[in-house]
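Working notes, structure below.
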Amino acid sequence: MKKQLYIKTYGCQMNVYDSGRMADVLAPIGYAPAEAPDGADMVILNTCHIREKAAEKVFSELGRLRNLKEEKRAAGGDLLIAVAGCVAQAEGEEILARAPYVDIVLGPQAYHKLPEMVAQAERAAAQAATARANGKPAPGQGILNTDFPAEPKFDHLPAPSVSGPSAFLSIQEGCDKFCTFCVVPYTRGAEYSRGVAAIVAEARQMVAAGVREITLLGQNVNAFHGEGPDGREWGLGALCRALAEIDGLARIRYTTSHPRDVDDDLIAAHRDVPALSPFIHLPVQSGSDRILRAMNRGHTADDYRRIIDRLKTARDDLALSSDFIVGFPGETDADFAATLKLVEDVGYVQAYSFKYSPRPGTPAAGMANQVPEAVKDERLAALQALLQTQQVAFNQACVGREMDVLLDREGRQAGQLLGRSPYMQPVHMEAPAALFGALARLRIVSAGPNSLRGELIAAHPPQPKERACA
Ligand code: 5AD
Ligand code: SF4
């Protein structure tokens, strides 16, 4: 019988992708995905360290899993507990010290080592069970791997399994930018780009399995500089052009990008490649040059405005999303006003905004002039109110427009399908179940604050799989 594996994923899309890959590497050694931790033989917490209280959340979840493990042991079974992701990378030793019942701690660069770590943990658990049965002490034997190996993990991972018409494809990992607020360069390591041939091959396999939309992932996805088939370094623009050649691939997205790495060729690709999504998540963090400098972002607010102008000139239906941090150390009312001004100037379809949270080991955590929580709360509320107004206005402006929507989910009611617009807005529509997976041309008939409703104009049902392989 298959063993049951439950993975709980926190944080970004990279973690969602990584969780899928961990499930893939564990399938050959007998683990099948489970929907809940109860009854599972192994639970992996795939953690995120980017903002506040990440570690505390993990420890309280571990407390619950410990109880589950004890219940299972009392019933003659066992539960392997693994902690993966960025909290594991940053606090691996601490986890094993504070939660000795954890069997495995592994950082994001060690996922290809998971099967051997699991085998080792299963052996240790069996020995401990025998010791307990004989009334002997059975010490915790947590296995830790938080190395940054010389050889990239991608070369050692099997091709990802896909289900549904939309898939993530990781092309780049790590970050060399060292924004002063951010843990990513420490938890994910140095920037690394996969080779173009491997990425294109993976994309082809996905399309052959029915995928119509691929989201290219990377912490700094447009810093991509993978080796091309011609032996030269290719940027993201060139990669998108190559992927757009794949018959059956209707839409290409990428996330998360950095303003500094938006180069001429990427802008040109937005002009030339219709499959490239007209929606870009391009975080700016702040509209104040003083704060951008203190953040080590390497660009000014006007640099960002210019990049957006150029992108919109290349593709006039282009729309934007961003991340913002309020209350970075030293942020004054005037700095914050500059952020609001930038938001007004750009106009966002949607955006994420956060209160600055000091991350241990990052330069900003030790800066003077930390902003009081009450001020951060006020600024966050003001920024979110403005962003919400823009989101609602954009949704309203979509009414009457025609859009291509990939119908990738079933609606809550029978006879309904759900998809994402090119701008990532959820769109509901009445449609026969046979259109699941189809790219449908819709007319938007109404809009709420968080979603749209559409009516079918025409549908391009999922392509026969053989064609996609050609
Ligand atoms: N505090 C608050 N927000 C942060 N982010 C990253 N680090 C921090 C931090 N220390 C936000 C940034 C980033 C997003 C993924 O998380 O806005 O773009
Ligand atoms: Fe973090 Fe900055 Fe790198 Fe983004 S670019 S991952 S915010 S250090």
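Below, all heavy atoms of this structure are taken into account, side chains as well, without hydrogens, waters or symmetry copies. Remember, it's 1-based here, ligands and their atoms both numbered in the order they're listed. Worth saying up front: this structure is predicted, and the values here are computed from it rather than measured.
When heavy-atom distances to ligand 2 are checked against a 4.0 Å cut-off, P283 has no atom that comes that close, whether in backbone or side chain. Contacts between N220 and ligand 2, counted as non-hydrogen atom pairs separated by less than 4.0 Å, involve the side chain only.
Against a heavy-atom cut-off of under 4.0 Å, R297 is close to the following atoms of ligand 2: 2 (Fe), 7 (S). Counting atoms of ligand 2 from 1 in the listed order, those under 4.0 Å from a heavy atom of H258 are 5 (S). Less than 4.0 angstrom separates some heavy atom of C179 from each of these atoms of ligand 2: 2 (Fe), 5 (S), 7 (S), 8 (S). Here is the list of ligand 2 atoms found below 4.0 Å of a heavy atom in P185: 8 (S). Contact atoms of ligand 2 toward F181: 7 (S) (distance under 4.0 Å to a heavy atom of the residue). Within the listing of ligand 1, atoms 12 (C), 13 (C), 17 (O), 18 (O) sit less than 4.0 angstrom from a heavy atom of Q285.
Closest to atom 3 (N) of ligand 1 by heavy atom, among R51, H49, R359, is R51. Closest to atom 14 (C) of ligand 1 by heavy atom, among T180, D323, I325, V326, is D323.
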Let me see the working for I50 and C12 under side-chain contact (heavy atoms from CB on, under 4.5 Å), right down to the final yes or no.
-> CA-CA 9 Å; I50 198 123; C12 65; over 6 Å; no
Using the rule given for ring pair (Phe, Tyr, Trp, His ring centres under 6.0 Å), can you reason through Y192 versus F224, listing the C-alpha separation, both sets of side-chain angles and the distance that settles it, and then say yes or no?
CA-CA 8 Å; Y192 165 78; F224 175 81; 9.6 Å; no
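Under a 4.0 Å N-O distance rule, the pair E373/K376 qualifies as a salt bridge. Ion pairing between E91 and R98 fails under the 4.0 Å rule for side-chain N and carboxylate O. Contact check on R251 versus D404 returns no salt bridge, with no Lys/Arg side-chain nitrogen under 4.0 Å from an Asp/Glu carboxylate oxygen. Classification of D335 and R379 as a salt-bridged pair fails, no side-chain N sitting under 4.0 Å from a carboxylate O. Note on D264 versus R310: salt bridge recorded, some NZ/NE/NH1/NH2 to OD/OE distance being below 4.0 Å.
Considering only non-hydrogen protein atoms, atom 1 (Fe) of ligand 2 sits nearest to C182 SG, 2.3 Å. Among all protein heavy atoms, the one lying closest to atom 2 (C) of ligand 1 is K355 O, 3.3 Å. Of all protein heavy atoms, the one closest to atom 6 (C) of ligand 1 is I50 CG1, 3.3 Å. In terms of protein heavy atoms, atom 7 (N) of ligand 1 is closest to F181 CD1, 3.3 Å. Looking from atom 1 (N) of ligand 1 to the surrounding protein, the closest heavy atom is S357 N, 3.0 Å.
Applying side chain to side chain contact (heavy atoms under 4.5 Å, CB included) to Y254 and the options I171, L217, L266, L169 leaves one that passes, L266.
Taking 2.8 Å as the criterion, C175 counts as a coordinating residue of atom 3 (Fe) of ligand 2, since one of its N, O or S atoms falls below it.
Aromatic rings from H281 and Y352 are positioned such that their centres are separated by under 6.0 Å.
Nearest heavy-atom pair, A275 versus A250, reported as atom, atom and distance to 0.1 Å: CB-O, 3.5 Å.
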